[in-house]
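Have a look at the structure below before the remarks.
The basis for the numbers below is simple: all heavy atoms, side chains too, and nothing from hydrogens, waters or symmetry mates. Index from 1, following the sequence. Values in this document were obtained by computation on a predicted structure and should not be read as measured data.
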Amino acid sequence: MLKNVGQRTLIQLILLVGAILMALPFLWMVSSSLKHELHIFQFPPQIIPNPIRWLNYPEALANPNAMPFHIYVKNTVIIVIVREAAVLLSASFCAYGFARLRFVGRDIWFGIVLATMMVPYIVLMVPTYVLFARLQWIDTFLPLTVPWFFGGGAFNIFLLRQFFRTIPEELADAARIDGCNEYAIYARILMPLAKPGLIAVAIFTFIDGWNDFMGPLLYLNSPENYTVALGLALFRAAVGAFGSAGGRARWDWLMAASTAMVIPVILVFFALQRYFVKGVVMTGLKG
């Protein structure tokens with residue numbers, strides 16, 4: 001009994017130390033966003049700012065010379081919302097086919113879908129850019145949204161397929177006896193029961209879309225179309241170590257802007273954390 005308690009305590013201590021180490025960069029960013037610029041790199045470091053300087057946020061985000069972050073946030077929200085709808089619809093539809101329909105070569109095709117996850121993005125960068133350039137989609141949101149309507153991503157298909165396989169087949173059989181076709185079973189039975197899995201996919205998609213830097217960098221040229229990731233990169237160039245904000249780096253502004261832009265991701269995760277954990281755990285219950 002004492003041995004089991006000691007093992008659990010040791011595991012909890014290891015997890016606690018790991019969690020603290022993982023949270024340190026974020027905590028340092030938040031702390032630095034509330035400090036005067038002269039206090040950020042002082043030694044020994046000041047964990048709790050004294051005094052707390054809330055003025056960093058309006059100076060970084062709302063002063064006349066700041067980047068138009070409200071435009072960047074609006075563009076990012078539009079892209080993320082369209083991408084969420086595309087992924088949840090197309091990935092769940094494909095996952096239902098791989099999980100519940102029996103057709104020739106089903107496992108082979110699913111293996112091919114999974115194999116696409118091993119293809120580095122940099123290999124596809126040039127051909128996809130040429131394709132979108134031929135379609136005249138450059139400097140629009142289309143390259144960042146439309147492709148997600150065609151499958152929704154191999155990882156999302158895999159995640160939802162595994163979740164669908166945890167739902168008893170008897171429910172679908174009973175619906176077929178009552179006259180439901182496969183489309184009705186998908187929409188009326190599996191989708192409502194798959195809410196934890198769908199929320200897990202939605203969180204992954206939101207984080208990926210909000211933090212996406214390479215896609216907007218490749219396809220967006222006009223400043224009025226920039227996203228949050230590009231806006232922060234420009235802001236860093238303007239006020240960071242290589243900028244010229246009054247002849248010095250303004251790390252307090254940069255940390256304030258970074259903290260403000262990461263808050264939506266944190267709020268979404270903690271608001272849906274219960275469903276996220278349940279969805280991820282249940283995907284591994286059935287092979």
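Within 6.0 Å of atom CG in L13, more than 12 heavy atoms from other residues, nucleotides or ligands are found, so the atom counts as buried in its surroundings. By the neighbour-count criterion of 12 heavy atoms within 6.0 Å, atom CD of Q136 is sparsely surrounded, having that number or fewer from other residues, nucleotides or ligands. In the displayed structure, L21 atom CG is contacted under 6.0 Å by more than 12 heavy atoms of other residues, nucleotides or ligands. Within a 6.0 Å sphere centred on CG of L24, other residues, nucleotides and ligands contribute more than 12 heavy atoms.
Residue V130 is not grouped with residue V123 when hydrophobic side chains (ILVMFWY) are merged at heavy-atom distances under 4.5 angstrom, including chains of intermediate members. If you chain together hydrophobic residues whose side chains sit under 4.5 Å apart, I52 and W253 never meet in one group. I108 and M117 fall within a single hydrophobic cluster, where Ile, Leu, Val, Met, Phe, Trp and Tyr side chains are chained together by heavy-atom contacts under 4.5 Å. Linking ILVMFWY side-chain heavy atoms closer than 4.5 Å, directly or via other members, places L160 and L101 in a single hydrophobic cluster. Connection of W251 to W54 is not established within any shared hydrophobic cluster, with ILVMFWY side chains joined at heavy-atom distances below 4.5 Å, either directly or through further cluster members.
Distance alone, capped at 3.5 Å, is enough to place a donor-acceptor pair between the S33 side chain and the V30 backbone. The closest donor-acceptor contact from the side chain of T128 to the backbone of L124 lies under 3.5 Å. Between the side chain of T116 and the backbone N or O of A154, no donor-acceptor pair lies under 3.5 Å. A side-chain donor-acceptor contact under 3.5 Å links T140 to the backbone of W137.
Remark: Y121 pairs with M125, M214, L218, Y219 by the side-chain contact (heavy atoms from CB on, under 4.5 Å) rule, at least two apart or across chains.
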Q | side-chain contact (heavy atoms from CB on, under 4.5 Å) between W210 and I79, worked out | A | CA-CA 9 Å; W210 190 269; I79 293 173; over 6 Å; no
Q: Go through the steps for T205 and R83 under the test side-chain contact (heavy atoms from CB on, under 4.5 Å), then give the verdict.
A: CA-CA 7 Å; T205 303; R83 187 180 293 190; 3.8 Å; yes
**Q.** Test side-chain contact (heavy atoms from CB on, under 4.5 Å) applied to T259 and Y57, step by step
**A.** CA-CA 9 Å; T259 302; Y57 285 87; 3.4 Å; yes
Q) Given F132 and L142, is the side-chain contact (heavy atoms from CB on, under 4.5 Å) satisfied, shown in steps? A) CA-CA 9 Å; F132 294 138; L142 296 178; over 6 Å; no
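Y72 has its ring centre less than 6.0 Å from the ring centre of F69.
Put simply, the side chain of R161 does not reach to within 4.5 Å of the side chain of N156, judged on heavy atoms. Looking at F93 and Y183, their side chains come closer than 4.5 Å, going by heavy atoms from C-beta outward. Using a 4.5 Å heavy-atom cutoff, the side chains of V82 and F141 are not in contact. In this structure, the side chains of L267 and I263 come closer than 4.5 Å at one or more pairs of heavy atoms. Within the 4.5 Å cutoff, side-chain heavy atoms of S92 are placed close to those of L198. K35 has its side chain out of reach of M255: every pair of non-hydrogen atoms, C-beta onward, lies at least 4.5 Å apart. For the pair F270/I266, a side-chain contact is recorded, criterion being any heavy-atom separation below 4.5 Å from C-beta on. Contact of the L220 side chain with the N75 side chain is not registered, since no non-hydrogen atoms from C-beta on lie closer than 4.5 Å.
With E182 as the partner, the salt bridge (Lys or Arg N to Asp or Glu O under 4.0 Å) test is satisfied by one option alone out of R188, R176, R102: R176. Checked against F98 for a ring pair (Phe, Tyr, Trp, His ring centres under 6.0 Å), the options F110, F158, F163, W109 give a single hit: F110.
Counting all heavy atoms, side chain and backbone alike, V265 lies closest to F206 at CA-CE2, 3.8 Å. Here the closest non-hydrogen pair linking A260 and L61 is CB-CD1, 3.6 Å. The minimum heavy-atom distance linking F164 with A194 is given by the pair CE2-CB, 3.4 Å. Minimum interatomic distance between I189 and A175 (heavy atoms only, all atoms of both residues): CD1-CB, 3.2 Å. The minimum heavy-atom distance linking G151 with S90 is given by the pair C-OG, 3.4 Å. When all heavy atoms of G152 and A91 are compared, the pair lying nearest together is CA-CB, 4.2 Å.
The OG1 atom of T76 sits 10.0 Å away from the CG atom of N211 when rounded to the nearest 0.5 Å. The structure places CG of L114 at 10.5 Å from CG of D107, a figure rounded to the nearest 0.5 Å. Note that CD1 of I177 and CD of E170 are 10.5 Å apart. Values are rounded to the nearest 0.5 Å. Between the CD1 atom in I78 and the NZ atom in K74 there is a gap of 5.5 Å [rounded to 0.5 Å]. Rounding to the nearest 0.5 Å places CG of L89 at 9.0 Å from SG of C94. The line from NZ of K195 to CG of L193 is 10.5 Å long, rounded to the nearest 0.5 Å.
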List, one per line, each side-chain donor-acceptor pair under 3.5 Å for residues 224-234, sequence neighbours excluded.
| from | atom 1 | to | atom 2 | distance (Å) |
| --- | --- | --- | --- | --- |
| N225 | ND2 | D139 | O | 3.2 |
| N225 | ND2 | D139 | OD1 | 3.3 |
| Y226 | OH | N221 | O | 3.3 |

